[in-house]
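Working notes, structure below.
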Amino acid sequence: MRPSIIHKNPADWRAPPWLTDLDDARASFGWDSVRRELQGINPGPMNMACLAVDRHIGTAPAAARAVGAEAGAGDTVDAQAQGATALRLVGEDGSARSISFSALSRATNRFAHALLALGLQRGDGLFVLCPRGEALHVGVLGGLKAGLVVAPLFTAFGPEPLATRLQIAQPRALLTTRSLYRRKLQALRPQLGFLQHVIALDDEGDGSPPPPQTLDFHALLAAAPDTPVAARTQAQDPALIHFTSGTTGTPKAALHVHEAALMHWATARWALDLHPGDVFWCTADPGWVTGTSYGIVAPLLHGVTSVVDEGDFDALRWLRTLQRERVSVWYTAPTALRLLMKAGTALVRAHPCPDLRLIASVGEPLNPEVVWWALEAFGLPVHDNWWQTETGGIMIANTLGADIKPGSMGRPLPGVEAAIVRRDGERLEVLREPGVEGELALRAPWPSMFRAYLGQDERYRRCFAEGWYLSGDLARRDADGCYWFVGRADDVIKSAGHLIGPFEVESALMEHPAVAEAAVIGKPDAMLGEMVKAFVVARDGITVDAALQAQLMAHARSRLGAAVAPKEIAFVAALPHTRSGKVMRRLLRARELGLPEGDTSTLEGAV
Ligand code: ATP
Ligand code: MG
């Protein structure tokens, strides 16, 4: 049996010298001080991209120039970051090239000028459908500088999911590549009358003419000046649209504002411990909120180097990237860690990463087994944290200096007030007793809180009650203030009067050495109301038979008790995942019950 806690014991763990006591920070925290730190004493307009890029090189026009007005702190960053590397673009073959803060600033200035020259105005929509790489960064940040509302889209989406998302937000402009446009959008264009400008990057390189009704990205950039530019956006002006992962239904479009940057900056400091000199790698695609908030904005805000991997997951390539790029802080997802675990400890150990000092993960429940495995394989535990598209930034986290209870999501960050609540119509009861399960709620507002679900005002309104935002996730808080994920409210199983969270059952199954991945659903049952059914993916090389099934049943019963353990276990070759890597339990349930599968546009392999 594993111990229940990983102590950050000063005897065998050397805390970085800057590490502050988060309890002190929680007690003295105020968003105004973060605003001052980023903008100086005379804030004025706020533009997320200027704060992220230009602030470091002293070219920021009014919106962001105030940095350094106080205590000279900004000046130090400026001097260091001028020629510093903002992005390390790692190609599929592992080759890498650097882009400095000043080069990024000039390129984003050019793109912003080009957008404005097309007649686009503050508040207009810009969708960015580009593979991970320079153009994606230039598109998103240049769009923000021009005051447009930017939505990065996942390039693996097919025409249908793209059309759905475009229809929801009706942007006036789109940045994409020629090949993506030809494959996915050209045929749909007549239905997208709102789309006035499609700017396409030439990724074909064969001299073929651009697709009709498109403008050439590089020609536009070349014709535009690189002088500083920033629309005078205000803190509360819309900046980004992020689509949710669609794990529980049709994806929702969450709208975020420029001051979300305050949250990105503060949480990247508290939860990811970003500091000058760090090389940071966020593996999420910017088509998901993590990939934009922490893949684009947060590292730039901190003036650190951000690794951008242009390829897809491959265990060996990822380990080489960690090693070669000397990544110091790595932000990834449980699915990726489980895939690495499947690839084996030996492979990881063969790629020592002495610079790596923090591994964090988000997006799905992180089963304790993975935390322990990482400690063995990388010599570092995984610091799980929790947040959602709607929260726009990390809310609850296992921070660097705090002990880790594997399986727990950690504690609310400074500036975040969380609670476990019970909803009864419009009424809300805050459950203060430790150990009680209920809905995870957050005191509204905070800077990166979503300000709307586009086109769904009533749904947005229903997310709030008595000053709290209700997350739709079930959790419990222990006596130390640590939060434990129980399940999504939609996924919780009611069996013989017990409320069973799928995560607990899945974690227990994944402790068994034969199990690579598990997902649990409630299946209607005449006696029990619902019975617990598990879908299990065995590890490579394991023989799947009745004996293994019986062994797993026994293992689960001894760990969980007969009432909570699965009554049925089915072995499957793979689980359905969203493209952002989450298990789609609703699909397993629909398939089990022969029901329609609903929106599967975000399903991996759906296009
Ligand atoms: P949709 O809302 O469309 O169903 P989604 O909720 O998966 O999709 P995201 O906003 O990408 O879309 O994901 C947020 C959700 O992911 C959280 O509400 C929670 O259910 C899950 N999640 C995120 N981090 C964690 C974590 N550390 N532990 C457990 N679950 C997590
Ligand atoms: Mg959600």
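First listed ligand is number 1; within each ligand, the first listed atom is number 1. For reference, positions follow the sequence shown, starting with 1.
Heavy-atom contacts from other residues, nucleotides or ligands closer than 6.0 Å to CZ of Arg422 number 12 or fewer.
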Stepwise side-chain hydrogen bond (donor to acceptor under 3.5 Å, both in side chains) check, His577 with Glu517: CA-CA 12 Å; His577 284 106; Glu517 212 181 359; 2.7 Å; yes
Step-by-step side-chain hydrogen bond (donor to acceptor under 3.5 Å, both in side chains) determination, Asp478 to Trp484: CA-CA 8 Å; Asp478 67 18; Trp484 298 75; 3.0 Å; yes
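A distance of 6.0 Å or more separates the ring centres of Tyr294 and Phe280.
Contacts of Phe154 classified as ring pair (Phe, Tyr, Trp, His ring centres under 6.0 Å), with partners at least two apart in sequence or in another chain: Phe157, Trp288.
Heavy-atom distances between Asp384 and ligand 1 reach below 4.0 Å in at least one pair.
The protein heavy atom nearest to atom 17 (C) of ligand 1 is Asp473 OD2, 3.1 Å. Atom 7 (O) of ligand 1 has as its closest protein heavy atom Thr247 OG1, 2.4 Å. The protein atom (non-hydrogen) at minimum distance from atom 29 (C) of ligand 1 is Pro365 N, 3.2 Å. Here the heavy atom of the protein found nearest to atom 9 (P) of ligand 1 is Thr389 OG1, 3.4 Å. Of the protein's heavy atoms, Thr248 OG1, 2.4 Å lies nearest to atom 4 (O) of ligand 1.
Looking at Pro251 next to ligand 1, no N or O pair under 3.5 Å apart turns up. Between Thr250 and ligand 1, no pair of N/O atoms sits closer than 3.5 Å.
Checked by atom type and distance alone, the side chain of His264 pairs as donor or acceptor with a backbone atom of Gly392 at under 3.5 Å.
The aromatic rings of Tyr469 and Phe464 are tilted relative to each other, their planes meeting at an angle between 30° and 60°.
Looking at Gln388, Met395, Arg488 and measuring to atom 6 (O) of ligand 1, the nearest heavy atom belongs to Arg488. Nearest to atom 23 (C) of ligand 1 by heavy-atom distance, out of Gly363, Ala284, Ser361, Ser245, is Gly363. Considering only non-hydrogen atoms, atom 16 (O) of ligand 1 lies nearest to Lys582 out of Met409, Glu364, Lys252, Lys582.
Each of the following atoms of ligand 1 lies closer than 4.0 Å to a heavy atom of Val362: 24 (N). With ligand atoms numbered from 1 in the order given, ligand 1 contributes 14 (C), 23 (C), 24 (N) to contacts under 4.0 Å with heavy atoms of Trp387. Taking every heavy atom of Asn385 and a limit of under 4.0 angstrom, the matching atoms of ligand 1 come to 24 (N), 26 (C), 27 (N).
For residues 369-385, the set of pairs meeting the salt bridge (Lys or Arg N to Asp or Glu O under 4.0 Å) definition, not counting sequence neighbours, comprises Arg2-Glu369.
The only option from Leu174, Leu166, Leu175 that meets the side-chain contact (heavy atoms from CB on, under 4.5 Å) definition with Leu129 turns out to be Leu174.
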